[in-house]
Amino acid sequence: MLPNPFHIQRLQKETYDTFTVELTPTNSTNTFLFSAGQFNMLYVFGVGEVPISISGDPARTETIKHTARAVGTVTRALQKLKSGDMLGVRGPFGSHWPVEESVGNDVVIIAGGIGLSPLRPVLYQLIAQRKKYKKIALLYGVRTPEDLLYKRELEQWRGRFDIEVKITVDTATGDWCGDVGVVTTLIRRVQFDPLHAMAMICGPEVMMRFTIKELQNCGVGNERIFISMERNMKCGIGLCGHCQCGPTFICKDGPVFRYDRIKEFFGKREI
Amino acid sequence: MITPSIKVMDRVILERNHFQKLIDVLITRDYRVVGPTLGEGAIVYDELNSVDKLPIGWTDDQDGGTYRLKKRSDQALFGYVVGPHSWKKFLLPSALRLWQAKRHDNGFQIIPENEEIQKFAFIGVRSCDIHAVSTQDKIFMNGQHIDPHYQSRRKDAFILAVNCGKADGTCFCVSMNTGPKVTFGFDLAVTEILEDNNHYFVVEVGTELGAEILHEVTYREANGREKKLADGIIKNTARQMGRVMDTTNIKDLLYKNYEHPRWDDVAKRCLTCANCTMVCPTCFCTTVEDVTDLTGDHAERWRKLDSCFTMDFSYIHGGSIRASTKSRYRQWMTHKLAAWIDQFGMSGCVGCGRCITWCPVAIDITEEVRAIRENEMIDTSTISGKEKTNAIA
């Protein structure tokens, strides 16, 4: 229940309103273990605490990365911190993406906006053990080219011959010469075996809703679709009640759900 | 007087005149004794060092949106039912400092709270509330994560339960299978009996500790007639329930009726005041507040009771998930009566009736369930088009 002290090693701007903060435990003998898809509660001294997905590589246990959008009181304060400043960390909390379960399958990763952040750890793991998986596709949609996260890594991944990376923007600006349109339009443009593919989706709920529909149209079963959900969270351990969605506590039963296990409640208005 | 040795499940007699001694023994054993007292125009739970602080000779009259204290014609110690407070007042305090933090040159240091909790003795716990406490035990002490603050208050609590001698207008423990007879979770359970010249309690021993404490007080053997009288009182109370709730398949009923028009109807009446969640003995939601002093060098985190009826409760960037009154009432009731079963293997409602009594506009959870059940919607998610229109019409 008590936050652990971590120091900021680096705070890097990603886009005009997003940033990645890299943390090291203040007690440097500690390492930090997590699974792709989990989140931490980050505490800014005197300001407050927010749940933020872990966006770094699970294999690197000496530092831990989070990518956040400066959108509320705490994330705005967090954005203003500098390397050397201290943060409180509680976690890791929640369920994880089916990285192990996907071995031997095609993997389709579909991200919207900052939804790429909790999926980046999956990509690190898939790439590290590339041979264990068949086709790997990353489909990424953002509002404008200025909203693209991790541009350098996207370029690196796109440069590989063993990962298919497709990016689309809702509105093209500047010198964008890539795809324009919502992320669902990319799904039919990659070849994968719907009966042996695992789909992992993270983004705004409306984006996930339409993505699920399109995957279903392609023949992907609900038990092969995984989504990451978001709710107000205070405790991270299922005791404060804030993150309920139907019978689930998003913080401990989620945030990653196999779609068939949440479908009765997902997408219903105001649940 | 020679007192026979007693063991768990025995039933003996405690005379009214010895009730003070029971409180004294608990105090001597270093308990913080709390129980019903008169205050705030109601019967509320507070410190109880003397039997005279109990609402002797008082009763309550409850119905939807009303609560009135009345004088009884006798001097009963427990001649009322439950008031606005529940035991969560002590086990899950409405505001609790979780830790403090001090800024220093290299950052800050978290200072954990060193809470010294005096063990509680709860006097006058009703069966519905025993079920409520056991519900919260399940949430805070039997899950994947344990809440140390709850646990430290709960683990040594002594419970003196009372079998209700009357039911009120908003009681429905019989429907929820939670009363009126106390069946578990107590150290001692008393049934109060007032006859012409006799005023005594039939006491059932629930634990070794209960037996030990009773032994230190004074008791005598109960005869068959006295035991029968006690049983009769409980049976009589069970017949007085002011409300009824049909819980048959209630989980599926509510899950299937997320879009029932009744939610719009109740939303027109509900003020989202959160009273129902505050008086509910099982409602457990909390929020945290991080604060600093004026220097900015000292920070604290406080945990406070929260309510799913507030707009803030479901706030994420971009707005609240449950912006409408309809969705908030639906969340509360569906959680309480349906989702709770999935989450904790039991209902979140114990039939105490507090939410009905303390609702300023007398919204009645039993009535809302009845309205949905009587006009149950067919699950329209699997049918479409014309059929759907017909099904709704």
Side-chain angles (χ1 to χ4, degrees), chain A residues 1-8 26 41 43-51 68-75 81 84-88 93 114 204-205 229-253 263-265 267-271, chain B residues 98-99 101 103 106-110 112 139-140 143-150 251 255 258-259 283-293 296-301 303 306 308 312-318 320-324 326-328 330-331 334-335 338-343 381:
Chain A
M1 302 276 265
L2 295 180
N4 293 308
F6 276 64
H7 273 103
I8 295 180
T26 297
M41 299 296 295
Y43 169 68
V44 180
F45 180 81
V47 181
E49 199 180 44
V50 280
R69 169 178 287 138
V71 72
T73 318
V74 182
T75 44
L81 296 179
D85 285 345
M86 189 185 270
L87 273 185
F93 297 127
I114 198 164
E205 276 197 24
M229 288 182 66
E230 188 177 19
R231 283 292 184 276
N232 185 315
M233 293 177 191
K234 298 291 183 197
C235 73
I237 52 178
L239 298 181
C240 80
H242 278 257
C243 66
Q244 286 176 76
C245 175
T248 67
F249 292 96
I250 301 287
C251 74
K252 72 177 168 98
D253 304 319
K263 72 176 186 356
E264 302 305 326
F265 303 94
K268 280 207 167 79
R269 285 184 71 81
E270 296 195 299
I271 291 280
Chain B
L98 297 181
W99 45 261
R103 194 195 289 279
N106 297 321
F108 56 86
Q109 187 197 350
I110 304 271
I139 298 166
F140 292 119
Q144 198 182 339
H145 298 280
I146 287 167
D147 175 16
H149 308 285
Y150 182 90
K251 189 178 96 176
Y255 279 169
Y258 268 106
E259 303 304 335
C283 269
F284 62 89
C285 289
T286 55
T287 186
V288 288
E289 283 179 18
D290 287 295
V291 294
T292 54
D293 65 359
D297 290 335
H298 175 87
E300 298 185 347
R301 172 166 298 167
R303 185 179 79 183
D306 204 1
C308 53
D312 265 3
F313 188 84
S314 61
Y315 185 86
I316 55 171
H317 57 88
S320 289
I321 301 278
R322 297 182 205 103
S324 70
K326 165 189 164 175
S327 68
R328 284 180 253 157
R330 182 179 64 183
Q331 162 63 22
T334 308
H335 180 219
W340 209 294
I341 297 170
D342 278 335
Q343 292 169 349
S381 62

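Just so we're on the same page: letters track the sequence lines, and every chain starts at 1. Computed over heavy atoms, backbone and side chain alike; hydrogens, waters and symmetry mates excluded.
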- If one checks every heavy atom of A:Leu87 against chain B at 4.5 Å, the contacting part turns out to be backbone
- So, the part of A:Glu205 with a heavy atom under 4.5 Å from chain B: the answer is neither
- Query: Given side chains that start at C-beta, do those of A:Glu230 and B:His317 come closer than 4.5 Å, heavy atoms only?
  - Reply: yes
- Tell me, do A:Phe265 and A:Cys245 make a side-chain contact under 4.5 Å, heavy atoms counted? yes
- Task: With a 4.5 angstrom heavy-atom cut-off, could you sort out which part of B:Ala338 is near chain A: side chain, backbone, both or neither?
- Result: neither
- Message: Which one wins on heavy-atom pair count under 4.5 Å against chain B: A:Leu239, A:Val50, A:Thr75, A:Val44?
- Response: A:Leu239
- Query: How about A:Phe93 and A:Met41: do any of their side-chain heavy atoms sit closer than 4.5 Å?
  - Reply: yes
- Message: Given heavy-atom pairs under 4.5 angstrom as the criterion, report whether the side chain, backbone, both or neither of A:Val47 touches chain B.
- Response: backbone
- Largest heavy-atom contact set with chain A, pairs under 4.5 Å, which of B:Asp312, B:Val291, B:Asp342, B:Thr287: B:Thr287
- Residue set satisfying side chain to side chain contact (heavy atoms under 4.5 Å, CB included) with B:His298, at least two apart, ordered chain then number -> B:Gln100, B:Asp293, B:Glu300
- Item | A:Arg69, part contacting chain B, at a heavy-atom distance under 4.5 Å | neither
- Query: Which region of B:Ile321, side chain (C-beta onward) or backbone (N, CA, C, O), has a non-hydrogen atom less than 4.5 Å from a non-hydrogen atom of chain A, or is it both or neither?
  - Reply: both
- Message: Could you tell me if the side chain of B:Trp340 sits less than 4.5 Å from the side chain of B:Ile139, heavy atoms only?
- Response: yes
- Of the listed residues (A:Pro5, A:Cys240, A:Gly238), which shares the most heavy-atom pairs with chain B below a 4.5 Å separation? A:Cys240
- Okay, side chain of A:His7, backbone of B:Asn106: is any donor-acceptor separation there less than 3.5 Å? yes
- Query: In terms of heavy-atom pairs under 4.5 Å with chain B, which of A:Arg231, A:Lys252, A:Met1, A:Gln244 leads?
  - Reply: A:Gln244
- By a 4.5 Å heavy-atom criterion (distance strictly below it), what part of B:Tyr258 contacts chain A: side chain, backbone, both, or neither? side chain
- Message: Main chain of B:Tyr315, side chain of A:Asn232: is a donor-acceptor contact present, judged purely on distance under 3.5 Å?
- Response: yes
- Note on the structure: Max heavy-atom pairs within cutoff under 4.5 Å with chain A, candidates B:Cys308, B:Gly143, B:Ala299, goes to B:Ala299
- A:Ile250 and A:His242, any side-chain heavy atoms less than 4.5 Å apart: no
- Message: Only pairs of heavy atoms separated by less than 4.5 Å count here; which of B:Arg301, B:Gln144, B:Glu289 has the most with chain A?
- Response: B:Arg301
- Message: Which atoms of B:Ser324 are under 4.5 Å from chain A, going by heavy atoms: the side chain, the backbone, both sets, or neither?
- Response: both
- Task: Return the option, out of A:Glu49, A:Arg269, A:Lys268, with the maximum number of heavy-atom pairs under 4.5 Å with chain B.
- Result: A:Glu49
- Query: Among all residues two or more places apart in sequence or in another chain, which pass the side chain to side chain contact (heavy atoms under 4.5 Å, CB included) test with B:Cys283?
  - Reply: B:Lys88, B:Thr277, B:Cys280, B:Trp332, B:Lys336
- Can you tell which part of B:Arg103 gets under 4.5 Å to a heavy atom of chain A, answering side chain, backbone, both or neither? both
- Query: Is any side-chain heavy atom of B:His335 closer than 4.5 Å to a side-chain heavy atom of B:Gln343?
  - Reply: yes
